[in-house]
Each structure stands twice: as C-alpha cells, then as structure tokens.
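Notes for the one structure printed next.
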There are 2 protein chains.
Amino acid sequence: MMELTRKGEYAIRGIIYLAQQQPGKVSLISEIAEASGAPQSFLAKIFQSFAKLGIVSSFRGTGGGFTLGRSPASITLREVVEAVEGPIIPNRCLLDGGVCDRGKDCKVHPVWRTVQTQVTQILESVTMEELARK
Amino acid sequence: MMELTRKGEYAIRGIIYLAQQQPGKVSLISEIAEASGAPQSFLAKIFQSFAKLGIVSSFRGTGGGFTLGRSPASITLREVVEAVEGPIIPNRCLLDGGVCDRGKDCKVHPVWRTVQTQVTQILESVTMEELARK
DNA sequence: ACCTTCAAGACTATTTTAGTCTTTTTATAA
DNA sequence: TTATAAAAAGACTAAAATAGTCTTGAAGGT
Ligand code: SF4
Ligand code: SF4
C-alpha cells in the first residue's frame, strides 16, 4: 500500500542533485540522469513537469540545461512528489466531489483525511535545502 | 500517490458489515457483497485472506458463512488494510534489506520511515468496534 | 444422495507504470 | 547561414499491477 513509484524516486534524486550544485550552475539532463541513476529520457519527462511548475528553470541550446527555479529552502518534498505523482490521496473519496454514496456518515472517511493531512505535513516540512546537505 | 485500491476499500466495507451484525451471527458472502457494494467473487477472495489470518471465521455448507474471528475492538484498521494490501511501505527502501546503494547517508530515507510510522499509527488506532457504531 | 457454502486456482481485461523513440523548437557558435 | 546543442512535445511500447471472472473441488448439512 502507498508506494512511491520509480518516477517519484527519480524526481527526488534528480532535484536533490540540482540543489547540491553551485547556485546558478546549469546541469545537463544527461548529467543529472547519471548522477541519480535514472533513465535519461524518463528523467527528461520528469523535469519537464518541474519546469512547467517553476520548480526548475530550463535553458535550451548550447550551454543549456537545468537549474533550480527557486531557492532550495522554498522547495518542499511535498511539492516535488506531488509534481510527478499527483496529489496525496489515500482514498478516492478525498478529492473533488468525493463520489461515495455512503459518504455522509462514513466513519472511515475521516481516518483517510487524517492520513492525508499527516503525510502532507511530513512531506511539506522537508525542504530541498535540508536534503541537499552532505 | 498512495491510493487505497478497490480491494482495500471492499475489504474495509465488508468487515465493517460483519462487525455490525449480532455477535455470532453468520453472514453469507453474497449478503456481505451486496451490503458493501462489492463484486461477490472478488470479495470472496478477500475474505479468504481474512480467514487465513483469523480475522474472520468461515463455515462451509448449509448455514455456513462468515463471522468475525475476534472481538471487533481487537481488530484494527491497519490489520484489515495490511491483510489485503500488504505492509504499509511508502518507499521500497523501507522493507527487508532496503536495497539501495545510496541508503547509507540518504536524507530522504528517514522521511519515508516517519511517514510509515505515522500512517501505521493512525490506522492502528482505529478499531472495527469504533467503525461499526452507527 | 443432494444441496449449500466456502476454498483454491486458473484465467482475462483494463489500467498504470516505466519506459523509448522521433520530431520539433529554441538557442548558441563558427 | 549553417551546423550544432540542448530541451519540449508527443507518439509509441512493454511489462506489471489491478480488478475482476470462472471453473472445479472440498467440507458440511438435510
Ligand atoms: S465508504 Fe467511506 S471511506 Fe470508503 S470511499 Fe466511501 S466515504 Fe470513503
Ligand atoms: S535514495 Fe534514499 S529514499 Fe531513495 S530509495 Fe535510496 S534510501 Fe530510499
């Protein structure tokens, strides 16, 4: 139950690598992939998602690559994980309409809500700055 | 990320139904399936797992069916979920050998350990007795 | 004997995961 | 202005997990 996918693991490793570089240093996806042990073209997709969200900045052409889009201290583990895995939802009934006929007086529902809140808090409290320290 | 499967949801609904019956009353799988809105033969599989673990008792032949195997207060949500979904593992590196080359000084690893502990605690603290109350 | 009920295992369809590959766009440099 | 370098975008694929079904067998009751 509740397993991080490889995509999520690669995402975390990749962004930590970036956070460990000199601020402003541009890294190639090939370099990040090697450092994080991820398949290059798969990681490229992951970093595209990051770029769209502004977590990383991307530059094309010669001398291009990726840098962090914001300060390491402002990027949380929750943000990184959710960027590639989607929102933290331990059970369907937690998102959007929460479509469940028995939803009204279900005693289990609030338990999942608690799980969601706790997990989110834990991941939110960890920043890339902390994770990048060696 | 971290979504309960239908199997897990059916499992919970099914056992709560059982917990709501008069102690000692035997329920047919067809009855439980209808009450919980689960496909009967799928739920049958789920209850087989429960029976092996002693969470429920099964009886064959005429007048057979299922009852809880222990008191509702002694069956936790964690136990029910783990019975069908396996252990609560937010990341591969948490179980068994925790096969990860970078495992030694990984800063992320303890975060997943915390998630695991917290989620386990939340689910462990909820019993079928509580969930069965109307 | 016959019927009822769960047990066990094989089987299948759908969805998700975990990628790859090709083409296009943007930027630099000779 | 052409070549080269890099990410962006999108189509594609293989493998695994999920969500079941179906058939047969075993245990128990009448
Ligand atoms: S029964 Fe309760 S826990 Fe299950 S999906 Fe519905 S609201 Fe959520
Ligand atoms: S890098 Fe860290 S978090 Fe990721 S699998 Fe290895 S030990 Fe676990």
Side-chain angles (χ1 to χ4, degrees), chain A residues 1-15 18 25-34 36-69 81 83-87 89-92, chain B residues 1-15 18 25-34 36-69 81 83-87 89-92:
Chain A
M1 188 209 180
M2 320 201 334
E3 206 146 334
L4 191 75
T5 62
R6 285 176 203 280
K7 185 155 100 171
E9 174 70 20
Y10 294 152
I12 296 168
R13 291 190 196 181
I15 198 136
L18 260 199
K25 189 213 154 191
V26 176
S27 305
L28 294 179
I29 194 69
S30 56
E31 178 190 338
I32 307 170
E34 171 154 59
S36 55
Q40 175 170 337
S41 40
F42 194 28
L43 192 69
K45 289 287 179 194
I46 293 168
F47 270 64
Q48 278 181 39
S49 314
F50 285 162
K52 278 184 188 152
L53 293 167
I55 297 176
V56 304
S57 302
S58 67
F59 307 95
R60 302 206 247 199
T62 308
F66 295 90
T67 62
L68 281 193
V81 168
V84 299
E85 305 257 20
I89 311 250
N91 200 354
R92 287 162 182 68
Chain B
M1 189 209 177
M2 319 199 339
E3 206 146 335
L4 191 74
T5 62
R6 286 177 203 281
K7 185 154 100 170
E9 175 69 20
Y10 294 153
I12 296 168
R13 292 190 194 181
I15 199 137
L18 259 199
K25 188 212 153 193
V26 176
S27 306
L28 295 178
I29 194 69
S30 55
E31 179 191 339
I32 307 171
E34 172 154 58
S36 55
Q40 175 171 336
S41 39
F42 195 28
L43 193 68
K45 288 287 179 194
I46 293 169
F47 270 65
Q48 278 181 37
S49 314
F50 285 162
K52 278 183 189 156
L53 293 166
I55 296 177
V56 304
S57 301
S58 67
F59 308 95
R60 301 206 248 198
T62 310
F66 294 91
T67 63
L68 282 193
V81 168
V84 298
E85 304 257 20
I89 311 252
N91 200 354
R92 288 162 182 69

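Chain letters run A, B, ... following the sequence lines, proteins first and then strands; every chain starts at 1. All values below were derived from every heavy atom in this structure, side-chain atoms included, with hydrogens, water molecules and symmetry-related copies excluded. What you see is a predicted model, and the numbers here were worked out from it, not measured in a lab.
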How many whole angstroms separate atom CD of E3(B) from atom P of dA17(D)? 17 Å
Whole-Å distance separating the CZ atom of R13(B) from the P atom of dA19(D): 13 Å
Rounded to whole Å, how long is the line connecting atom CG of L43(B) with atom P of dA19(D)? 14 Å
Got a donor-acceptor contact below 3.5 angstrom from the E85(A) side chain to the L4(A) backbone? no
Side chains of I12(A) and V84(A): does their closest heavy-atom pair fall under 4.5 Å? no
Could you give the NZ-to-C1' distance, from K52(B) to dG9(C), as a whole number of Å? 10 Å
May I have the distance from L28(A) (atom CG) to dA27(C) (atom C1'), rounded to whole angstrom? 14 Å
To the closest 0.5 Å, what do you measure between CZ (R92(A)) and OG1 (T5(B))? 7.5 Å
Contact summary for L53(B) and A83(B), nearest pair of heavy atoms: CD1-CB, 3.4 Å
Mind checking the CZ-CD1 spacing from F66(B) to I55(B)? Nearest 0.5 Å is all I need. 12.5 Å
Note: for G63(A) and G64(B) on DNA chain C, the residue whose nearest nucleotide lies more 5' is G64(B)
So CG of N91(A) and CZ of R6(B): to nearest 0.5 Å the spacing works out to 10.5 Å
To the nearest Å, give me how far apart CD (Q48(B)) and P (dA27(D)) are. 14 Å
Pick base, sugar-phosphate or nothing for F47(B), based on heavy-atom distances below 4.0 Å to the nucleic acid. nothing
In whole angstrom, give the distance that lies between atom CD1 of I29(B) and atom P of dA8(C). 14 Å
Starting at the 5' end of nucleotides 10-25 of chain C, put B wherever the base has a protein heavy atom under 4.0 Å, S where only the sugar-phosphate does, and a dash everywhere else. --------SBB----B
Let me check something: any side-chain donor-acceptor pairs from residues 36-52 of chain B under 3.5 Å, sequence neighbours excluded? List them with distances.
residue	atom	partner	partner atom	Å
S36(B)	OG	I32(B)	O	2.6
S49(B)	OG	K45(B)	O	3.4

Determine the contact category for F66(B): base if any of its heavy atoms lies under 4.0 Å from a base atom, sugar-phosphate if only primed atoms, P, OP1 or OP2 are that close, otherwise nothing. sugar-phosphate
Nearest to the side chain of S58(A) - dC6(C), dA8(D), dT4(C)? dA8(D)
Figure out the CZ/C1' separation between F59(A) and dT26(C), and round it to whole Å. 13 Å
